[in-house]
Every structure is written in structure tokens, then in C-alpha cells.
Chemist: 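Before I ask anything, here is the structure I am working with.
Lettering of chains follows the sequences in order, A, B, ..., and the numbering in each one begins at 1. Here the structure is a predicted model, which is why all the values come from computation and not from measurement.
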Number of protein chains: 2
Amino acid sequence: MSPRRPDPTTRAALIETAARLLSEEGPRALSTRRVATETGCSTMAVYTHFGSMNDLVREIAREGFARLETYLTSLDTTDDPVADMAVLGRLYRHNAMTNAHLYEVMFGGSSLSGFQLTDEDRQYGRYTLANVVHCAQRCIAAGRFPAGDAELVAHQMWTTVHGIASLELGRYLVEPCTGDRLFESQLVGLMVSVGDEGGAAAGSVEVSAKRFAELVGAENSGCASARAPSIALRARPQSPPATAGRCPQDGLDLADASAKFSPSGD
Amino acid sequence: MSPRRPDPTTRAALIETAARLLSEEGPRALSTRRVATETGCSTMAVYTHFGSMNDLVREIAREGFARLETYLTSLDTTDDPVADMAVLGRLYRHNAMTNAHLYEVMFGGSSLSGFQLTDEDRQYGRYTLANVVHCAQRCIAAGRFPAGDAELVAHQMWTTVHGIASLELGRYLVEPCTGDRLFESQLVGLMVSVGDEGGAAAGSVEVSAKRFAELVGAENSGCASARAPSIALRARPQSPPATAGRCPQDGLDLADASAKFSPSGD
DNA sequence: TTTCGTAGCACAACAGCGTTATGGAACGCC
DNA sequence: GGCGTTCCATAACGCTGTTGTGCTACGAAA
């Protein structure tokens, strides 16, 4: 009574291939056969490791959330929490644009093809908001926002930035109301609407622009792998991947995020 | 030199069937064969009338925009333009929830399945914003909003409400930050952030809630066809459909919105 | 070390998909 | 009536996700 174990590198490689295909060639390239062929195994491996193609896509969505989390936690806090909040918003949007196809899988709805996330996946994604909630608490503690529900403030931040990012990805925002222009005005307006004073909000948002530019600049010139971040290395936390150790890409520790993938349960 | 004409009723019936399948059974049910079978014709009819399945879906997206337009133009203006604006926001969200699958096709991105809208489709959709722009101008004229770019204000309105609706449809908004709660707070916050005074904004939003409730109530009990609005009757504007004349469903007059559907151009 | 049960996974097949080649039938003009 | 043109039904093509079948590699027990 000791069966053969599945190859963990195959699992990671499948996610890696799938996410790469999605990024490079878009949704149409995401087929079981294509992923299996490019990974160098048969389509059965997908069903052994994930249960179905849908579950592979779900895993890609989780990879997308992990990337977002990486962005949002890459920010050092300062004594201007509102500026920190604005940088978080910029990082969120930057992640959406950089990983556009992943973002659409995360938040694009099933939108044909019948693909669906589970409640667990969404819960996993919502956890990313914890960073924003914490920042909102700091804004309140600093007296910039009135005492209130930090989680509500974080959600207002989220829905607003997502609304712009979503329509931007859908190519709905064109001249003269571009995503950039809308984002800047919304950023200030949002801080004001949740209670910050107008001048202070504008100042913090301006500060955030510089800090964000530095962050993105460092991303593009610093760590070599940051430009084309490797995927799926977090797939099996207990097995140290051979390609690890170049960037703090894994080790996210998102609560009980290491879900099971038992193909039996549909 | 006088070829056989395509049957216009077949074209409308195909759209009708496709939109119904999308509403009743979701994206998975949207297949060429299924639509053709339920309509009572062969799959070739789809290619004769639309060119491809993708073009049929695009037509459904346009139907979605037409429904949105119908909602937004159903509103009578009052001497409280900010309340009018808030009602527009409520109607927008109501339409997104009522026609969820249509809304996802319109704004859900391709998100797998490789389906894509064209620039023309999006332009058609953006035209719906004209109602909101006009309302923003009235807010400025009434002195509620400071002089500024009404189009920008309308876009801020749009991205904000869309952000909530999108995440709500994706089931990302759960207790304690539900879509309802977020929507109400964002509505007031939005009016404040674009320049309205806090108390006046809250008052107008409160007024809008009542007016919206009456509108939705009238929709469900008034005109018989409003409950399950018939689709695709606007498909061929020049041919007066036999079932017309019950509700102001057509006659949108959206600029040069009557596009050609020549299958030749890919 | 040999044995053996379990499970990974390759191969091939299935139903369904979007799309297209083929050809008969219907239509509007000469 | 003849004719040119186009609609559209049938059947086929290559693709998809998924699943049966069976070989084989593995790991613990003997």
C-alpha cells in the first residue's frame, strides 16, 4: 500500500506553461493539449494534477492573486499613510496592466467559455485586501481619515481602482478621458470622499506618484527576473523549487491558502 | 442580377435565441449548433447573417447596450440634477444585475474563449454615457458641481459604478461589505468628491433611492413586456417589427450606430 | 531484495465545438 | 420563362475538453 507519487515538477511546469501561454498568446492558446504538449507531457497529467482544465485556470487565477500580493507587500510604509494608500492603488493598477490576462481571469467574470472560480478562490483573492485595510487603519490612526470602518474604506479603494482598471483593459477609456487622467482625479477624489482634507490629499497623491515611479523603475532595472517574473514556483510550498532563490517571489503565507486539489469533488 | 434576400426574421430570431440562452443557461449554452437548432435553422444561417459566432456575440453586446440605454433614458429630469445623477447610477447598476450575462459580455473582457468586441462596438457602448454627461452638465449649471469637465465627471461616475457592479457580479462583495452598502456610500462620496456639498449630496442620494424604487416598481407591475423584455427587435431599424409598439424599446438614434454586418471583412 | 498494490500518465477514442466546402432550392430581375 | 445570385441544409474538417484502457514506475511490506 504505497502508490506512485505525482511528479511535483510536472505540476509546477504545467502552471508555468499555462500562465506563459496566457500572457504571450492570450486566452485562445489556453487548451489542454497545447499546455500538455508545451510542457512535454500528455493531457492526462492535467487531470492527474488538477482534475480538469477549469481547475488549472483556477490555479492560474491564484497565481495572479499571488503576484498582486507581491506587489502590494513590496511597499515600505512611511509616515504619510495616505500617500502609502495612493501608492497601493498605483501598484494595483500597475499589476492589472502588467498581468492583463491574469487580471481578466481573476476578475473578468466567466464571460463565455463557462469557466468559473470557486468561493475559496475568491476568498483567497479578497485576502489581498488585508494590506489595504491595514493602510486605511493607519490613515485613521494618523487623523487623516475620520474614525470609521477601515474595511469599508479599503473596499471603496478597491472598487474604484478596479473600475478604472477593468474598463481600461476593456479599451473603453480613450481620449480625452484616458485611464491615466481618470486615475489621477479619482485618486484625489477618493481620499477626499473618505474624509481627507483636499489639499493634503492632493499633496499625498503627488508624493505617491514619485514613489511609485521609483518603485517601477527599480522593478525594471533591479532584479533580473522582475521583468518577466517566473510563475508557479509557489505551487507546492513544501518542495523547494530548483529555480528558487532569485527574488522574494514566493513565501506569501496567505493564511490557509494551500488548498487541496482532489479531482474527485467535481 | 437580383439575388435572393436573407430572411430578416431569421436574423432577429437568432439574436433572440442567443440572448435568451445566455440569460437562462449562461455562457456555456452559447454555441452555434445550439442557437441554430433552437431557432430552427442550420448553423449556416449564423454565417450568412453574422459572419461568425463572434459577430453574433458582438450583436448581443449591442443588445446589452441598447437595454442600458433604455434604462438610462427612462428617467425624467427633475430640478435636483444630483438626484437625477444618482438615479442614473442606480439604474446602471440595476441593469447590470438584471442583465448580468449581457453585462459580462459587454464589459467582462474576453476572459478566455477569445471572444472580442471591436472599436466600433465599444464606441457604440460609450455613447450611452451621453445621458450621464448631459446630467453632469445640469449639475454644473445648477451650481451643485463646480465648473469643469462634465465628460470627466460622467466617466468618474461610470468607472465607480462599474467597479462595484463588476466585482458584485464576480461575487467578490460579501458581508460586511456588500454591494448595496458600498454603492450607497460611494454614491454620496462620489458626489462630494466631484464638488457637491456633503449634506446636499446625502439629501439628493436619499431622494434618488425613493425615485429609483418607484421606477423599478413601475417596471415590474406596469408595462407587461418590461419584466421579460423582448430582444433583438431593434435588429433592423428600417423594418418596423410586427411586435413593436408596446414600449419605447427602439428608436435609440445613437449616432451612426446602425452598423453594417458584411461577413467579408473578417 | 523480492514482491505487490497503488496510482501516474501515455495512447486512443468520444462527443461536441466553430468553421467551411458542397450543392440544391428559392428568389428578384431580364 | 430563363437566369444569375444568394440563402441555407448537409456533411466534413480540425479542434476542443474529457475519459476509458492499460502499461509502468514507484514505495512499503515481506
Chemist: Nearest to the side chain of A:Met44, heavy atoms from C-beta on, is which of D:dT19, C:dC14, C:dT19?
Modeler: D:dT19
Chemist: Taking the side chain from B:Arg181 and the backbone from B:Pro176, do they hold a donor-acceptor pair closer than 3.5 Å?
Modeler: yes
Chemist: Start at the 5' end of DNA chain C and walk down; is the nucleotide closest to A:Ser42 or to A:Arg33 reached first?
Modeler: A:Ser42
Chemist: Mind calculating the distance between CE (B:Met53) and C1' (C:dG16) to the nearest angstrom?
Modeler: 14 Å
Chemist: What is the distance, to the nearest angstrom, from the CZ atom on B:Phe50 to the P atom on D:dC7?
Modeler: 13 Å
Chemist: Would you please classify the geometry between the B:Phe107 ring and the A:Tyr172 ring as parallel, tilted or perpendicular, with 30° and 60° separating the classes?
Modeler: tilted
Chemist: Given atom CZ of B:Arg28 and atom C1' of D:dT16, what is their separation to the nearest angstrom?
Modeler: 11 Å
Chemist: Between B:Asn54 and A:Ala45, who's closer to the 5' end of DNA chain C by nearest nucleotide?
Modeler: A:Ala45
Chemist: Which nucleotide in the set C:dG8, D:dA11, D:dT18 lies at the smallest distance from any side-chain heavy atom of B:Thr43?
Modeler: D:dA11
Chemist: Calculate the interatomic distance between A:Leu30 atom CG and D:dC15 atom P; express it in whole Å.
Modeler: 17 Å
Chemist: Tell me the interatomic distance from B:Tyr47, atom OH, to D:dA11, atom P, rounded to whole angstroms.
Modeler: 17 Å
Chemist: Which nucleotide, C:dC9, D:dC8, D:dT16, lies nearest any side-chain atom of A:Ser31?
Modeler: D:dT16
Chemist: Ring-plane angle category for B:Tyr92 and B:Tyr103, please: parallel below 30°, perpendicular beyond 60°, tilted otherwise.
Modeler: perpendicular
Chemist: Give the rounded distance in Å between these two atoms: CG of B:Leu14 and C1' of D:dC8.
Modeler: 11 Å
Chemist: Using a cut-off of less than 4.0 Å, is there contact between a side-chain N or O of A:His49 and OP1 or OP2 of C:dC9?
Modeler: yes
Chemist: Whole Å only: how far is the CZ atom of A:Arg34 from the P atom of D:dG14?
Modeler: 19 Å
Chemist: Kindly assign one of parallel, tilted or perpendicular to the pair B:Trp158 and B:His155, based on the angle between their ring planes and the thresholds 30° and 60°.
Modeler: perpendicular
Chemist: Of all the choices, C:dT19, D:dT10, C:dG8, which nucleotide is nearest to the side chain of A:Thr48 once you look at every atom?
Modeler: C:dG8
Chemist: Specify the separation, in whole Å, of atom CG of B:Asp55 and atom P of C:dT20.
Modeler: 11 Å
Chemist: Quick check on side chain to side chain contact (heavy atoms under 4.5 Å, CB included): which of A:Arg62, A:Glu59, A:Gln116 does A:Asp121 satisfy it with?
Modeler: A:Arg62
